[in-house]
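A short worksheet on the structure shown next.
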Amino acid sequence: ELSGYHFGIVNINYSKQKTFTITNSGTKASNALNLSIPSSPFSISADTCTGNALAINASCSFTVSYSSSSNGGHNTNISITGASSSVTFN
């Protein structure tokens with residue numbers, strides 16, 4: 001379980017991306033996954049998870065982009081629904 005990720009220092013008008021992988025390490029397929037939409041200045045792209053169920057040992061991924069448009073720290077949460085307790089998140 002991933003409890004947080006820090007993008008570090010990002011200059012205004014620049015962006016950083018991080019790709020996250022979800023793997024079904026359980027003994028049955030997951031339900032169809034859904035990712036919540038993060039608040040600005042974050043966005044999700046390259047999402048192979050939303051709408052897809054994960055078979056045993058299957059993985060999907062999504063990329064979170066952080067595009068800084070002002071000084072200061074920014075936070076967001078991304079919820080993943082449809083996953084069983086045996087899905088790992090990296």
Side-chain angles (χ1 to χ4, degrees):
E1 177 179 307
L2 184 67
S3 61
Y5 179 79
H6 188 272
F7 280 93
I9 296 171
V10 179
N11 294 327
I12 294 175
N13 298 322
Y14 287 87
S15 64
K16 273 190 178 177
Q17 293 79 34
K18 167 68 176 161
T19 298
F20 296 94
T21 301
I22 300 171
T23 303
N24 183 351
S25 56
T27 58
K28 63 179 184 174
S30 74
N31 294 322
L33 301 176
N34 188 44
L35 303 177
S36 65
I37 299 172
S39 59
S40 181
F42 299 90
S43 62
I44 292 178
S45 63
D47 176 7
T48 64
C49 298
T50 298
N52 294 310
L54 291 181
I56 299 168
N57 295 320
S59 298
C60 64
S61 62
F62 62 95
T63 300
V64 176
S65 296
Y66 171 64
S67 299
S68 179
S69 59
S70 62
N71 287 327
H74 300 94
N75 296 301
T76 195
N77 291 307
I78 299 171
S79 297
I80 302 167
T81 58
S84 67
S85 60
S86 57
V87 171
T88 57
F89 182 60
N90 300 312

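Heads up: numbering here begins at 1 and tracks the sequence.
Residues Gln17 and Ser15 approach most closely at NE2-OG, 3.1 Å, considering heavy atoms. Annotation for Asn11 and Ser68: closest pair O-CB, 3.8 Å, computed over non-hydrogen atoms.
Taking the six-membered ring for Trp and thresholds of 30 and 60 degrees, Tyr66 and His74 have ring planes inclined between 30 and 60 degrees apart.
For the side chain to side chain donor-acceptor pair (under 3.5 Å) test, no residue two or more places apart in sequence or in another chain qualifies with Ser36. Residues meeting the side chain to side chain donor-acceptor pair (under 3.5 Å) test with Ser65, sequence neighbours left out: none. Take Ser39 and apply the side chain to side chain donor-acceptor pair (under 3.5 Å) test, not counting sequence neighbours, and it matches Thr76.
Ile37 and Val64 are assigned to two separate hydrophobic clusters, defined by single-linkage of ILVMFWY side chains at heavy-atom distances under 4.5 Å. By the criterion of side-chain heavy atoms lying less than 4.5 angstrom apart, applied directly or through intervening Ile, Leu, Val, Met, Phe, Trp or Tyr residues, Tyr14 is grouped together with Tyr5 in one hydrophobic cluster.
A disulfide bond (SG atoms under 2.5 Å apart) check over residues 14-43, counting only residues at least two apart or in different chains, returns nothing. Applying the disulfide bond (SG atoms under 2.5 Å apart) definition to pairs two or more places apart or across chains, none involves residues 6-46.
Atoms OG1 and CG, from Thr81 and Leu33 in turn, are 7.5 Å apart once rounded to the nearest 0.5 Å.
In this structure, Ile12 places its CD1 atom where more than 12 heavy-atom neighbours from other residues, nucleotides or ligands lie under 6.0 Å away.
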Taking distance alone, no hydrogens or angles, what donor-acceptor pairs closer than 3.5 Å link side-chain atoms of residues 45-62 to residues at least two apart or in another chain?
residue	atom	partner	partner atom	Å
Asp47	OD1	Cys49	N	2.7
Asp47	OD1	Thr50	N	3.0
Asp47	OD2	Thr50	OG1	2.4
Thr48	OG1	Ser61	N	2.8
Thr48	OG1	Ser61	O	3.1
Asn52	ND2	Thr48	O	2.9
Ser59	OG	Thr23	OG1	2.8

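Because its NZ or CZ atom is both nearer than 6.0 Å to the ring centre of Phe20 and within 45° of the ring axis, Lys18 counts as a cation-pi partner of that residue.
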